Amino acid sequence: MSDELIGNDLVFRIGDGGSPEEFEDICVETDFGELGEEKPLLDITSRCNTSRKYRGGLPDGLEIPLVTNLVTSDEHNRELYRAYKDGLPRNFQVATKDSPEEAFNFSAIVRGWKIAAAVGEKGTFNFTLKIDSEVSWASVDEE
């Protein structure tokens, strides 16, 4: 297997809430945008500095647009909708199909949802997830 990955090599998974947590592929998922974190810049410049000095603040997880096919009977669509209504975080994972050890694990809240169905086109369920935890890269963070 090559180390280069394309979008089809990645799967978006939702946790079952158990202990230990087990993840299931969200098979109706068609796109999940971008996954990651960003630290705000904190200006720590003092009078003795000759240029601006910065430090990274606390990491903030990105918002993830998750697009799924609009299959109203799909249990994962229903779980995501319920997570929005409950307002409680869920555990998610982005992993490679061939290696579950290569995974990014995180918790997120579902902060929005909408459906789109243009005439003659497939319908989609669009969820907005907001990461509310650290994003851990399993194969690196466990070394």
Side-chain angles (χ1 to χ4, degrees), residues 1-46 49 51-143:
M1 179 176 116
S2 172
D3 282 345
E4 295 83 21
L5 296 173
I6 59 173
N8 292 9
D9 295 330
L10 299 172
V11 290
F12 200 93
R13 296 180 171 147
I14 188 168
D16 66 359
S19 182
E21 187 100 37
E22 298 208 10
F23 292 89
E24 295 180 355
D25 294 357
I26 301 178
C27 292
V28 293
E29 174 261 325
T30 62
D31 184 24
F32 64 83
E34 298 177 334
L35 169 69
E37 299 171 296
E38 186 172 65
K39 292 181 179 182
L41 288 177
L42 302 177
D43 187 340
I44 59 170
T45 308
S46 68
N49 293 125
S51 65
R52 291 268 183 212
K53 298 292 179 190
Y54 297 95
R55 175 179 288 159
L58 292 174
D60 187 16
L62 299 179
E63 286 194 354
I64 302 170
L66 177 65
V67 180
T68 70
N69 288 320
L70 181 55
V71 179
T72 56
S73 62
D74 180 74
E75 189 53 38
H76 292 130
N77 276 337
R78 291 175 174 276
E79 282 183 55
L80 290 163
Y81 177 81
R82 281 193 293 269
Y84 168 79
K85 289 296 190 180
D86 294 343
L88 300 174
R90 295 289 304 263
N91 291 324
F92 296 92
Q93 183 181 74
V94 172
T96 58
K97 285 182 181 178
D98 296 331
S99 174
E101 294 80 30
E102 289 294 335
F104 295 89
N105 299 309
F106 59 95
S107 172
I109 61 166
V110 179
R111 65 175 293 270
W113 69 272
K114 58 188 173 187
I115 60 171
V119 174
E121 300 290 327
K122 71 174 184 169
T124 60
F125 228 138
N126 302 278
F127 298 95
T128 303
L129 280 58
K130 171 63 175 160
I131 298 173
D132 74 342
S133 71
E134 272 188 310
V135 177
S136 65
W137 187 353
S139 69
V140 173
D141 293 343
E142 295 174 0
E143 289 178 350

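The structure displayed is predicted, hence computed values, not measured ones.
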Could you tell me which non-hydrogen atom of [X] sits nearest to which non-hydrogen atom of [Y], and how far apart they are?
X	Y	value
Asn91	Ser107	OD1-CB, 3.6 Å
Ala95	Arg13	CB-NH1, 3.2 Å
Pro59	Glu37	CB-OE2, 3.9 Å
Asp132	Ala108	OD1-N, 3.5 Å
Ala83	Val110	CB-CG2, 3.9 Å
Leu10	Phe32	CD1-CZ, 4.3 Å

[Y] backbone acceptor or donor facing [X] side chain under 3.5 Å:
X	Y	answer
Asn69	Val71	no
Thr128	Pro65	no
Asp31	Val67	no
Asp25	Cys27	no
Arg90	Gly15	yes
Glu21	Asp16	yes
Lys122	Leu70	no

Side chain to side chain, [X] and [Y], heavy atoms closer than 4.5 Å:
X	Y	value
Asp60	Lys130	yes
Ile14	His76	yes
Gln93	Asn105	yes

Original post:
Using 30° and 60° as the class limits, which term best fits the ring planes of Trp113 and Tyr81: parallel, tilted or perpendicular?
Top reply: perpendicular
**OP:** Verify the neighbour count for atom CD1 of Ile44: are there more than 12 heavy atoms of other residues, nucleotides or ligands below 6.0 Å?
**Re:** yes
Original post:
Counting only heavy atoms not in Ile115, do more than 12 fall under 6.0 Å of its CD1?
Top reply: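 Check fails, neighbour count at 12 or below.
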Nearest 0.5 Å, please: how far is [atom2] in [Y] from [atom1] in [X]?
X	Y	atom1	atom2	answer
Glu29	Asn77	CD	CG	11.0 Å
Thr45	Arg52	OG1	CZ	4.5 Å
Ile26	Leu80	CD1	CG	5.0 Å
Phe23	Phe12	CZ	CZ	10.5 Å

Subject >> Verdict with supporting geometry, Ile64 and Leu35, side chain to side chain contact (heavy atoms under 4.5 Å, CB included) >> reply: CA-CA 6 Å; Ile64 302 170; Leu35 169 69; 3.7 Å; yes
Original post:
So which of Ser136, Pro89, Ser133 actually passes side-chain contact (heavy atoms from CB on, under 4.5 Å) with Phe106?
Top reply: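 It is Ser133; the other options fail the test.
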Original post:
Residues in side chain to side chain donor-acceptor pair (under 3.5 Å) with Arg111, at least two apart?
Top reply: Glu63
**OP:** Just do the side chain to side chain contact (heavy atoms under 4.5 Å, CB included) check on Trp137 and Glu102 with the steps written out, would you?
**Re:** CA-CA 7 Å; Trp137 187 353; Glu102 289 294 335; 3.1 Å; yes
Original post:
Are Thr96 and Asp9 close enough that a side-chain donor and a side-chain acceptor fall under 3.5 Å?
Top reply: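 No donor-acceptor contact under 3.5 Å links the two side chains.
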Subject >> Phe125 and Phe127 aromatic centres sub-6.0 Å >> reply: yes
Subject >> Partners passing salt bridge (Lys or Arg N to Asp or Glu O under 4.0 Å) against Asp86 (at least two apart in sequence or in another chain) >> reply: none
Subject >> Salt-bridge criterion met for Glu75 and Arg82 (N-O under 4.0 Å) >> reply: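 Yes, charged N to carboxylate O under 4.0 Å.
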**OP:** Would you sort out whether Asp74 and Thr68 count as a side chain to side chain contact (heavy atoms under 4.5 Å, CB included), showing the intermediate values?
**Re:** CA-CA 10 Å; Asp74 180 74; Thr68 70; over 6 Å; no
